[in-house]
Number of protein chains: 2
Amino acid sequence: MARVRLIDVAELAGVSMKTVSNVVHNYVHVAPALRQKVQAAIDELGYKPNLTARRLATGKTGMIALAIPEIDHPYFSELSRCIAEEASRRGYRVIIEQTLSDTVAEHAVLQDREAGLVDGVIFHPVRMQALELARSQRDTPLVLLGEAAVPVTTDHVMIDNVAAARDGVRHLVALGRQRIVFLGIVADDITVTTTRRLLGYQEALVEAGIPLDPELVLTVPDFTPESCSAAIQAAIASGLTFDAVLCRDDKFAVGALQGLHRAGLDVPREVAVVGWDDTALTSFTRPTLTSIAPDKARLASTALDLLEERMRGHQGSGRHRLVPHSITVRESAPAIPG
Amino acid sequence: MARVRLIDVAELAGVSMKTVSNVVHNYVHVAPALRQKVQAAIDELGYKPNLTARRLATGKTGMIALAIPEIDHPYFSELSRCIAEEASRRGYRVIIEQTLSDTVAEHAVLQDREAGLVDGVIFHPVRMQALELARSQRDTPLVLLGEAAVPVTTDHVMIDNVAAARDGVRHLVALGRQRIVFLGIVADDITVTTTRRLLGYQEALVEAGIPLDPELVLTVPDFTPESCSAAIQAAIASGLTFDAVLCRDDKFAVGALQGLHRAGLDVPREVAVVGWDDTALTSFTRPTLTSIAPDKARLASTALDLLEERMRGHQGSGRHRLVPHSITVRESAPAIPG
DNA sequence: GTGAAAGCGCTAACAT
DNA sequence: ATGTTAGCGCTTTCAC
């Protein structure tokens, strides 16, 4: 640890701690001569301010926590990057906590059993229910991401999942597709994300005058591409016919692409595929993947806007912000009917 | 912020701060009656220890910094996860810093202009030279990852890149491949990683009695799959013949796969492909990707072993640890000659 | 414009 | 086994 302290510098320079502090903080009203002398002492001693001590004195940590399910899921790692960069632009450091979609870990985030570690928390819950969230009384500012739990009492940022799903279906319908699979519902999954997307899917079909067919809504056992590939192949084997797939996630789309290929179906000619999240995966697939694109940078900046207001003492009830989304068109569901 | 302090609890419970502290820390020698009374006071007041204050008093932060080039590169996000999980197992929190392979940012990591934020640093440099690293005098323990800069003075963990590249080539040779492309050298890239891998590639060829052909070593303008795809197609167009590709990175392999497909070559029948890092990408590609697999969990635990020793005061000169690697065989370069 | 001193909330050595 | 007290290094009124 750094053994040279503010007072050491002060003594060497023959000034008070206050003056050294002023120099460190680049305060305006310091006599140039003093400033030079102090700076010389700092350099000579190699003084580095102790952040922990500063924090204790000021009560601000300059750090925010980002709690996400998995750091190595493409969507979350890309989102983390956006948030980390935006935070750093605003002078904060980010500490990332992985919940692994675990109920206990999510509660731990909410609980914040220890205070004074971060000034605020950005949390993307998966398991936690709105009611539980609402009940938790915290003293560290909190902003929620995603749509898993939306208590009215807490600030919250998301894209309009219903509208986005609708846009995805509309794009497919514009391509002339009529039999559109939704992939998929995850067995035992209690998140509302899928529900919202499924709702938008249905709305768009109704809007287009396409009859709803429950058979077209596929269920998969888990979140892996392998399961999606298997589900698609099983559906085809069972005689289901379709000409498009709307996936709730790019990883699902990767699985769909694999399954369709194994089944000998051409994408996008026979079946068009739309993914979700517009992660880097979209350009790694064959064909490249059209995907619903949440504006991650806006998500990050909006979340930080809300959080900073809270950290400054804003006390109002929960604000809910919708962030724009778009659809990035690539080969798997091109702009011109394929 | 938490306004209830240790002393508030002590007063309410009618005991000293020490006793409260003992209860908080689950010390053994506390009279059961007192423990109950204190716990009741803690619960009633909703007391949460202030970590910053504890840190200032103990001098330990319980946090380590992980500095990597990009948080959303598959290899680094997976490695981050391993390190975060291992660190959490050992009672540390991790704060992730992105350098974006920027020289200035890398220097900032080394500089540690502010002390007392973390107990130690794990750093994967890209730009920084060994000499610069060696010259920096730091007071926070440091462990280096990767092979970009290997000063003798600093602890360091990596896989044997030369041996790993050799293993990759041997695998291809065992499949009967003789014309093996190395993909690739990145123009303007000054990292030594590629150099090591290229060396192992050459060694294995010599060992197998296969003549070296400089034409087979491809150069790409940057790290994107698109560039790799283009480079492969250009090579084919120029008349280069080959039956295998060893890639320095899974993302390169994704590009190679795309390029080969566009050129109408079948993988693995006509050309076998081996990637590097064994990231999740390997199962997303078509065909799935055989890849050199650094043992990321061992990388993480070894780095933390070394770091913890340093944090405990170990003073010796730099230790250099090699971590095992293997090759995960998938479709793109199967075990049985394809 | 600069100095002196009182905390920030906790830990740990020392005392009882 | 429990209480007392002196710091940890910095910031920040308040005087000068």
Side-chain angles (χ1 to χ4, degrees), chain A residues 1-39 41-42 45-63 112-119 139-140, chain B residues 1-39 41-42 45-63 112-119 139-140:
Chain A
M1 288 301 123
R3 21 193 83 268
V4 31
R5 296 154 305 160
L6 196 55
I7 194 168
D8 300 324
V9 177
E11 280 172 8
L12 201 166
V15 299
S16 79
M17 289 171 63
K18 177 68 167 111
T19 303
V20 178
S21 178
N22 283 344
V23 171
V24 170
H25 288 277
N26 274 315
Y27 280 174
V28 196
H29 300 298
V30 183
L34 269 194
R35 182 181 293 279
Q36 292 230 338
K37 198 159 62 176
V38 170
Q39 189 59 53
I42 289 178
L45 263 35
Y47 168 71
K48 291 165 189 169
N50 180 317
L51 276 208
T52 300
R54 178 179 295 171
R55 284 173 181 185
L56 183 56
T58 60
K60 308 247 133 273
T61 70
M63 302 215 305
D112 72 344
R113 302 184 50 76
E114 297 147 331
L117 180 63
V118 295
D119 297 333
D139 26 40
T140 308
Chain B
M1 288 299 123
R3 22 191 83 270
V4 31
R5 297 154 304 160
L6 196 55
I7 195 168
D8 300 324
V9 177
E11 280 171 8
L12 201 167
V15 299
S16 77
M17 289 172 62
K18 175 69 167 122
T19 302
V20 179
S21 177
N22 284 344
V23 171
V24 170
H25 288 278
N26 275 316
Y27 280 175
V28 196
H29 300 299
V30 183
L34 269 194
R35 182 181 294 278
Q36 292 230 337
K37 201 158 60 176
V38 171
Q39 188 58 55
I42 289 177
L45 264 35
Y47 168 72
K48 290 165 190 166
N50 181 316
L51 275 206
T52 300
R54 180 180 294 171
R55 285 172 181 186
L56 183 55
T58 60
K60 308 248 132 274
T61 71
M63 302 215 307
D112 73 344
R113 301 185 50 75
E114 298 147 330
L117 181 62
V118 294
D119 296 333
D139 26 40
T140 308

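Quick note on labels: first sequence line is chain A, next is B, and so on, each numbered from 1. Being a predicted model, the structure only gives us computed values, none of them experimental.
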Output yes when a side-chain donor or acceptor of S21(A) lies under 3.5 Å from a complementary backbone atom of M17(A), and no otherwise.
no

Determine yes or no for a side-chain-to-main-chain donor-acceptor pair under 3.5 angstrom, with D119(A) supplying the side chain and T61(A) the backbone.
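A pair under 3.5 Å: yes.
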
Return no unless some side-chain N or O of [X] is found under 4.0 Å from OP1 or OP2 of [N].
{"X": "S21(A)", "N": "dT11(D)", "answer": "yes"}
{"X": "Y27(B)", "N": "dT11(C)", "answer": "no"}
{"X": "T52(B)", "N": "dG9(C)", "answer": "no"}
{"X": "H29(B)", "N": "dT2(D)", "answer": "no"}
{"X": "H25(B)", "N": "dT11(C)", "answer": "yes"}

Separation of [X] atom [atom1] from [N] atom [atom2], in whole Å?
{"X": "E11(B)", "N": "dG9(C)", "atom1": "CD", "atom2": "P", "result": "13 Å"}
{"X": "M17(A)", "N": "dA5(C)", "atom1": "CE", "atom2": "P", "result": "12 Å"}
{"X": "N50(A)", "N": "dG7(D)", "atom1": "CG", "atom2": "P", "result": "18 Å"}
{"X": "N22(A)", "N": "dG3(C)", "atom1": "CG", "atom2": "C1'", "result": "11 Å"}
{"X": "I7(B)", "N": "dA6(D)", "atom1": "CD1", "atom2": "P", "result": "14 Å"}
{"X": "R54(A)", "N": "dC8(D)", "atom1": "CZ", "atom2": "P", "result": "19 Å"}
{"X": "L56(A)", "N": "dT12(D)", "atom1": "CG", "atom2": "C1'", "result": "13 Å"}
{"X": "R5(B)", "N": "dG7(C)", "atom1": "CZ", "atom2": "C1'", "result": "11 Å"}

From [X] atom [atom1] to [Y] atom [atom2], the distance as rounded to the nearest 0.5 Å:
{"X": "L51(A)", "Y": "M63(A)", "atom1": "CG", "atom2": "CE", "answer": "9.0 Å"}
{"X": "D8(B)", "Y": "I42(B)", "atom1": "CG", "atom2": "CD1", "answer": "12.0 Å"}
{"X": "R55(A)", "Y": "R55(B)", "atom1": "CZ", "atom2": "CZ", "answer": "7.0 Å"}

Please pick, from dT12(D), dC10(D), dT11(C), the nucleotide with the shortest atom-to-atom distance to any side-chain atom of K18(A).
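Of dT12(D), dC10(D), dT11(C), dT12(D) is nearest to the side chain of K18(A).
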
Compare the minimum distances between each of dC10(C), dT11(D), dC10(D) and the side chain of T58(A), then state the nucleotide with the smallest one.
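For the T58(A) side chain, the nearest candidate turns out to be dT11(D).
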
Pairwise 5' ranking along DNA chain C for R55(B) and A31(A), keeping only the more 5' one
A31(A)

Judged by each residue's nearest nucleotide on DNA chain D, which is more toward the 5′ side, A57(B) or V15(B)?
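With V15(B) and A57(B) compared, the 5'-side residue is V15(B).
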
Under 4.0 Å, heavy atoms only, any strand: does L34(A) hit a base, just the sugar-phosphate, or nothing?
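The answer is sugar-phosphate, as L34(A) gets under 4.0 Å only of primed atoms, P, OP1 or OP2.
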
